[in-house]
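The basis for the numbers below is simple: all heavy atoms, side chains too, and nothing from hydrogens, waters or symmetry mates.
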Amino acid sequence: HDVRRGELGDAAAAARLLGEAAAEGDAPDIVSFSTMASAAARAGDLHAAEGYLRDAVQAGLQPDIITFNTVVHAAAKSSDAAAAMRWMEAARVTGHGQDLHTHNTLVNAFAQGGHMAEAVEHFREIQSALLEPDSVTYGTLINGYAKQGDLHAACGWFSEMESKGMVASNHQFSQLLKACANSQPKASAYAEQVFDLMVTGRGLRPCGMTLTVLRQAIGPARCQIICKELGVDLPAILGERVNYGVPRAPRPRSPDTPRLAPLPRSPDGPRRKTRDD
């Protein structure tokens with residue numbers, strides 16, 4: 001019985017196979033339960049993910065850190081920070097040390113629920129645990145503040161990430177543009193600076209997600225002008241089918257890497273000059 005079909009996201013089929021295996025006396029192992037919990041987590045079904053972990057315990061199996069991380073992830077996807085903390089503590093009590101992935105998932109749970117003060121507090125706990133936050137940790141905070149339109153905070157975490165030797169990827173630049181779009185008023189001029197740095201200064205090719213938030217920040221007409229000026233094929237990129245899965249890890253920063261300009265007092269001020277202006 002290939003219960004691990006859950007890894008492909010076919011949670012219903014995997015659950016049926018798990019039941020058939022149990023009925024035939026083929027006792028599932030902890031990997032099978034973890035796989036089922038993972039499928040439930042991807043579907044955003046926290047209740048089911050928790051149920052599979054409890055079923056594993058009732059079957060006399062000992063959940064490992066992967067199983068606990070999976071349920072914490074399900075809680076984060078459901079924006080249930082309380083559940084994420086509860087399962088993280090359960091992992092600690094049963095003798096499992098928390099790795100950076102576990103901590104990142106909890107930071108994400110807070111950020112998804114809009115609880116940025118708690119997300120930052122847990123970020124500091126990561127540092128206190130002598131773990132080194134990575135681009136995923138920083139990106140979670142950048143995106144959390146971007147969703148709230150807090151451009152100053154998003155820029156602050158972006159700059160701190162790069163001060164630690166990491167160079168932002170397309171993903172983090174898109175998050176900054178999202179912050180510009182959600183800012184009140186929209187930080188259109190600063191969004192153009194961010195996009196210029198990304199394309200010209202860093203040599204990154206924007207994806208559809210980047211251009212979508214850029215259009216939200218500066219408007220469709222202005223977006224066409226800027227893309228034409230920078231040699232970005234807007235229609236072609238927007239027509240691509242892009243996988244927005246786990247972003248590529250940022251490259252290490254070198255001393256001559258162009259830096260993000262400080263956020264001006266009025267980020268919605270004068271725009272960058274183009275040939276069409």
- Any chance you could measure T210, atom OG1, to L238, atom CG, to the nearest 0.5 Å? 10.0 Å
Does any N or O in the side chain of [X] come within less than 3.5 Å of the main-chain N or O of [Y], such that one atom is a donor and the other an acceptor?
X	Y	value
Q127	P133	no
E89	R86	no
Q148	G114	yes
S183	A179	no
S38	S34	no
S163	E160	yes
K186	A217	no
N182	A146	yes

- Message: Minimum heavy-atom separation for A74 and A41, please, with both atom names.
- Response: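 Heavy-atom minimum between the residues: CB-CB, 3.6 Å.
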- Message: With clusters defined by side-chain heavy atoms of hydrophobic residues (ILVMFWY) lying less than 4.5 Å apart, directly or transitively, does V232 cluster with I218?
- Response: yes
- Query: In terms of hydrophobic clusters joined by side-chain contacts under 4.5 Å, are L177 and Y190 together?
  - Reply: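 Yes, it is one cluster - the side chains of L177 and Y190 are joined through contacts under 4.5 Å.
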- Identify, with sequence neighbours excluded, every residue that meets ring-ring contact (aromatic ring centres under 6.0 Å, His included) alongside F158. F173
- Message: Please determine whether a side-chain nitrogen of the Lys or Arg among E121 and R124 lies less than 4.0 Å from a carboxylate oxygen of the Asp or Glu.
- Response: no
